[in-house]
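Values in this document were obtained by computation on a predicted structure and should not be read as measured data. Counting convention: from 1, in listed order, for ligands and their atoms alike. Positions are given from 1 along the sequence.
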Amino acid sequence: METKAPTPRAVLVGIQTPEVDDIAHAASLEELGRLVKTLGYEVVGEVSQRREGTGAGSLLGSGKLAELAALTGGTGEIGTMAPKSTAKARQRFEGAADAPAAREPDEEASAPKPEFVIVDHELSPSQIRNLERATGAQVLDRTGVIVEIFHRHANTREAKLQVEMARLKYVAPRLRESSGGGGRQQGPGAGETTLDLDRRKIRDRISELKDQLEAVQRDADNRRSARRDQLRVALVGYTNAGKSSLMRALTGSQVLVEDKLFATLDTTVRILQPETRPRVLVSDTVGFIKQLPHDLVASFRSTLAEALEASLLLFVVDASDPTYEAQLEVSRSVLREIGADAVPSRLVLNKMDRVDDAGRAALAEKHPDAIMLSAHAPGDVAALRETLIAFFEAQMEEDVLVLPYAKQGLIGEVYESARVLSEDYDEKGRVLKIRGLPGAIARLRRSLA
Ligand SMILES: Nc1nc2c(ncn2[C@@H]2O[C@H](COP(=O)(O)OP(=O)(O)OP(=O)(O)O)[C@@H](O)[C@H]2O)c(=O)[nH]1
Ligand SMILES: [Mg+2]
């Protein structure tokens, strides 16, 4: 009989810095917990502390560190390499404002100690080392968790290459001498430590990955440019906002919907249903999250390119989430970073079925131009479809094209990219009155010339 590997257990650690309010701090830890669950770990405890910053060598004050170590079965000591503790004034702020642990660990005597400490901030390699010494557990930071999720769930070749690259870039500075290693290499490359060697291997692999990625991305760019001038809407927004749910409802496609962070890691493109002429393409994209590691932003390239080339962005927001504004700001800033803020956009306040009347009124006042809906309400989705169609209709122009008899093969392309209002024949060829986006009409003219 096969026995299932036990679920790894993890303790979460969060620092509440002075600029973060209680709601945001709790939401951040809750989100971290969901990320950790996505990794398949069980969260068994939480240690939280108010501090001026997250830069201290051991992250936590000594008391909190001891509390954490008690949970994981560590010594609470980081040894001689630990930097000195904080200044007096800072200790006073921290001491006064110490938050109690939000969740108590399992008291079951027989329960195994958690093997992981997961910290809600980006840690330096030395902070990770210090925390591992003190807790005896393996330490991961938020970035590490996100990189790991992407690593496990990436599907397409492009996503896999990008994630491997992001992962290596994350791992390289955190490499340390293995306990047996640290000696000098013999033979070629002598004088290099094993650590240097590992780092060099990683550098080589990264440049190899870069080449492969460029090739894959050229293909993707070609596929995208074939879709240029088509009517394209991209669903963008924070993870778990309901983008894939809307995608399903709008296109009748079976994309994955899950109450899980980062359910979608690849971009999908489907046709708006019932189909229009010309048809509207809808893209579902990977969700954003706060403190997205920079190298992973690059790995969102396909999603972002999809967004950049869309005619319209729908910013999907979970309006029932108390921190929705911060989430919206995260999505906006990622898109701003790549210049997609020039693309016309509409705010979509989703999950309105979970918002009460007072909340609805407040949202309507704050975002008068937003589309409020529930992806689960067919009437709402039909109204959104009409809104999309009207958006494109307003940008379309009418024109007359002549399709020479020698180029009748192109008739399919005309019907694909524009709406044909009438067809006539004269001595030059087929005369088509069409309605479509100016870009699409210009492209048709070029291929007919
Ligand atoms: N109550 C309610 N739940 C919704 C609504 N839209 C989506 N959900 C739920 O929210 C969860 C996340 O939905 P998804 O569509 O997977 O969200 P997503 O934005 O694609 O998430 P990622 O792919 O992880 O970025 C699922 O459990 C959905 O059933 C809605 O309008 N109302
Ligand atoms: Mg999704």
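- Taking Asp22 as the reference, Arg50 meet the salt bridge (Lys or Arg N to Asp or Glu O under 4.0 Å) condition, with sequence neighbours excluded.
- In Asn350, the part holding a heavy atom less than 4.0 Å from any atom of ligand 1 is the side chain.
- Using a distance-only test at 3.5 Å, with no hydrogens or angles considered, a donor-acceptor pair links the side chain of Asp141 to the main chain of Leu123.
- Checked options Ile15, Leu60, Asp120, Leu29; the residue passing with Ser48 is Leu29 (criterion: side-chain contact (heavy atoms from CB on, under 4.5 Å)).
- Annotation: atom 4 (C) of ligand 1 to nearest protein heavy atom, His376 CE1, 3.3 Å.
- Among all non-hydrogen protein atoms, the one lying nearest atom 25 (O) of ligand 1 is Lys243 NZ, 3.0 Å.
- Short contacts between ligand 1 and Gly242, defined as distances under 4.0 Å to a heavy atom of the residue, involve ligand atoms 7 (C), 13 (O), 14 (P), 15 (O), 17 (O), 18 (P), 19 (O).
- Taking the charged nitrogens against the carboxylate oxygens, Arg167 and Glu148 do have a contact shorter than 4.0 Å, which makes a salt bridge.
- Here Asp353 has side-chain heavy atoms under 4.0 Å from ligand 1, and that is the only part of it that gets that close.
- A search for salt bridge (Lys or Arg N to Asp or Glu O under 4.0 Å) contacts involving Arg435 returns Glu393, Glu398, not counting sequence neighbours.
- Using a cutoff of 4.0 Å between basic side-chain nitrogens and carboxylate oxygens, Asp399 and Arg445 are scored as salt-bridged.
- Here is the list of ligand 1 atoms found below 4.0 Å of a heavy atom in Thr239: 22 (P), 24 (O), 25 (O).
- Under 4.0 Å from ligand 1, the heavy atoms of Glu258 that appear belong solely to its backbone.
- Across Leu384, Leu231, Val280, a single residue satisfies side-chain contact (heavy atoms from CB on, under 4.5 Å) together with Leu272, and that is Val280.
- Against a heavy-atom cut-off of under 4.0 Å, Phe262 is close to the following atoms of ligand 1: 24 (O).
- Here the CZ atom belonging to Arg279 is positioned 4.0 Å from the CD1 atom belonging to Ile271, to the nearest 0.5 angstrom.
- Closest to atom 27 (O) of ligand 1 among all protein heavy atoms lies Asp259 CB, 3.2 Å.
- Atom 15 (O) of ligand 1 has as its closest protein heavy atom Ser245 OG, 2.6 Å.
- Atoms of ligand 1 found under 4.0 Å from any heavy atom of Ser244, numbered from 1 in the order shown, are 15 (O), 18 (P), 20 (O).
- Here Lys351 has heavy atoms under 4.0 Å from ligand 1 in both its backbone and its side chain.
- Below 3.5 Å of separation, one finds no N or O of Met352 facing any N or O of ligand 1.
- Checked options Ile149, Thr143, Val147; the residue passing with Val145 is Ile149 (criterion: side-chain contact (heavy atoms from CB on, under 4.5 Å)).
- Between the CG atom of Asp204 and the CD atom of Glu208 there is a distance of 8.0 Å, given to the nearest 0.5 Å.
- For ligand 1, the atoms lying closer than 4.0 Å to a non-hydrogen atom of Ser374 are 30 (C), 31 (O), 32 (N).
- Interatomic distance, OG of Ser283 versus CE of Met247, reported as 6.5 Å (0.5 Å rounding).
- Using a 4.5 Å heavy-atom cutoff, the side chains of Arg129 and Glu132 are not in contact.
- Residue pairs meeting the ring-ring contact (aromatic ring centres under 6.0 Å, His included) criterion with at least one partner in residues 17-45, sequence neighbours excluded, are Tyr41-Phe116.
- Remark: Arg205 engages Glu164 in a salt bridge, criterion side-chain N to carboxylate O under 4.0 Å.
- With a cut-off of 2.8 Å, the protein N/O/S atoms near the Mg ion (ligand 2) add up to 2.
- Among the atoms of Val257, none of the N or O lies under 3.5 angstrom from an N or O of ligand 1.
- Closest of all the heavy-atom pairs between Arg336 and Asp341 is CG-OD2, 3.1 Å.
- Atoms of ligand 1 lying under 4.0 Å from any heavy atom of Gly287, numbered from 1 in the order shown and given with element: 25 (O).
- Here the protein heavy atom with the shortest distance to atom 24 (O) of ligand 1 is Ala263 N, 2.8 Å.
- Ranking the protein heavy atoms by distance from atom 11 (C) of ligand 1 puts Asn240 OD1, 3.6 Å first.
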